[in-house]
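Below is one structure, written out as structure tokens; the observations come after it.
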Amino acid sequence: MDTAKQANHRPPCELWVCMMQWHSNRDGLEMTQQTAFPNLSYIGVDGVLVRFGATVTEKVNRAALAFHAHVSTADLDGVLESAPSLTAVYLRLDIFGDVERTSQSIEAEMRAQDWFVPKSAAGRIWTIPCCFDGPDLAETAKLVGLSERAAIAEITQTQVRVLTLGFAPGQPYLGNLPERWNFPRLGGITPNVPACALVAAVSQLVIFANDTPTGWRHIGDTQFHDFKVDRPEPFAFRAGDLVQFAVVGRIEIDALAGASDGFGGATCEALT
Amino acid sequence: MSALIVQRAGPAVTVQDGGWSGTLASGLSRGGAADVRALTEIWALLGEQSAVLEMAGTGGRFTCDGPLRIALSGAKMAASLDGAALLWGAVHRMEAGQVLDIGAALNGVYGYLGVGGGFDTPHFLGSASTHRASRLGHVVQAGDLLAIGKDSKAKRVGLALRETRQRVGPIRIVATAHTDLFGAEVLERFQAADFTRSNQGNRQGVALECAESFALEGGQSIPSETVIAGDIQVPGQGAPYALLADCQTTGGYPRIAAILPCDLPRVAQAVPGTSLRFTMITRQEGIAAELAEHKARAALGRACAPILRNPSQMNNLLSYQLISGAIAGDEE
């Protein structure tokens, strides 16, 4: 249990007032002025982006998800759609309405509360069977400085969170793993990593929605389909869901491929 | 209920409509027709908003098992019914047993075929659009029997879109996520530069080749954020890339600008080798242009006019048919 707690420990959160403002000049990007987060900027003709930080941290991501959850239920006049990413929330506006007024009401919501204050942990937790025998497991363990066994244990003892969904329908970015998992993606591209594969890089894990060429390291296989069109909930995950992996063997994981719901033996419980 | 029978189909004939709204948060982009203007033209011709066939590069050969209305728009393709040339940008009647041939695109990438009653193919969350990476929708293949819904406007045939002056000149762009980071000097260069639509492109996006680089130093440290169709990404190396309907929903490349939605069809329809230039307008000007375009699209239906059978046009059409095998090569 102690190990589990340690694995779950996260470093203290970064300053929410980020000192960085990129500014382009002949010498490249420079930090020239203080930018306060959150802030709002316009994206194209019909979008605004509310940014909560310049780097992906637990606190920044949680704030973005909390704001997304709020605007998704607040039913703001003139907002057609909201989508969170790792550090920000994109909102699409109705250009037949008063775009300036809609932007002002979004900004007012943004200022109305401190989104960096942790909210109650209502949500869901998934337990997903995974066979850790991927072709990149040995090299990954070496990168994080652990034995294969210890590397697997560190993953299964960490409750990761769905930081955002993206790239492909329903595909989760899960994080964060402890800092030693903060290794870059491969320089080359692995031509084809199969759907349902568990891959790792940059302190995050992804369960691939589709067969895909990738620079992420393939460490295991689930039979979990992020997206299945004929399921009552076609997109399995919601941003903010917790995920814990459970070790199973090759024979067991192959047998789970037959699960008609496409969840590959995973269970989902509501957190109270 | 009748059906369209696919005798032969090009490699990228798909069912499309207006795409999705509200799925970005789940990782599914807007999708839908690559040329939304052409889609609304088909809808105006048919007098209904239904799913259509999008034909990238080339169409196919189709028959039907009952009388049908067919509407054609988007990139012009050599089309004929039982060998007689069909006017593009128009709605026609097709009888059971007739053979509809749609050849290669002559002046763009995406041609569209709509039918009265619409294609009755699988829907997901309110859209029949085909999104290949998600295995959504339907990729049309030879042998398909595409079910068609009930046509409530069967008499609306023999109409053509009034010739509208195609907008020429630079593609209009507006500021987006990282425009400020690039700085005034780079934005000036971007608007002065000549781009070429490269060979690399599909429904996800197209690469825009240029002799100069617009790379943002330090750009790789930008966190991945939501991206949408129309965004122009500038990777550290390689050509800027304009995102289209089936783009991914998140991306970590800096984005220099967003193409105005009503100008995006011109980029989607640009064949490899086409020269493109960009000009930045304000967001307010962009909104005004969008509203004007919506108004123009809403008026398309009323603007449809009976097909004129004047001799010069007939001759022209006949000539198209006579040299149909050779025409793709002579066009531009």
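Just so it is clear: chains get the letters A, B, ... in the order the sequence lines come, proteins before strands, and each one is counted from 1.
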Please look at [X] and chain A and tell me whether the side chain, the backbone, both or neither of the residue comes under 4.5 angstrom of a heavy atom of that chain.
X: B:A177; result: both
X: B:E285; result: neither
X: B:I281; result: neither
X: B:L136; result: side chain
X: B:R30; result: side chain
X: B:I259; result: neither

Residue among B:G286, B:S134, B:P261, B:A258 with most heavy-atom pairs under 4.5 Å to chain A: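 The answer is B:S134.
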Backbone of A:A168 reached by a side-chain donor or acceptor of B:Q248 within 3.5 Å: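 No, the answer is negative, given that no donor and acceptor are paired below the 3.5 Å cut-off.
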At a 4.5 Å cut-off on heavy atoms, which part of [X] comes close to chain B: side chain, backbone, both, or neither?
X: A:F227; value: side chain
X: A:V89; value: neither
X: A:R92; value: side chain

Exceeds 12 heavy-atom contacts within 6.0 angstrom, atom CD of B:Q191: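 Yes, enclosed.
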Nearest heavy-atom neighbours spanning B:T23 and A:E81: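 Result for this residue pair: N-OE2, 3.0 Å.
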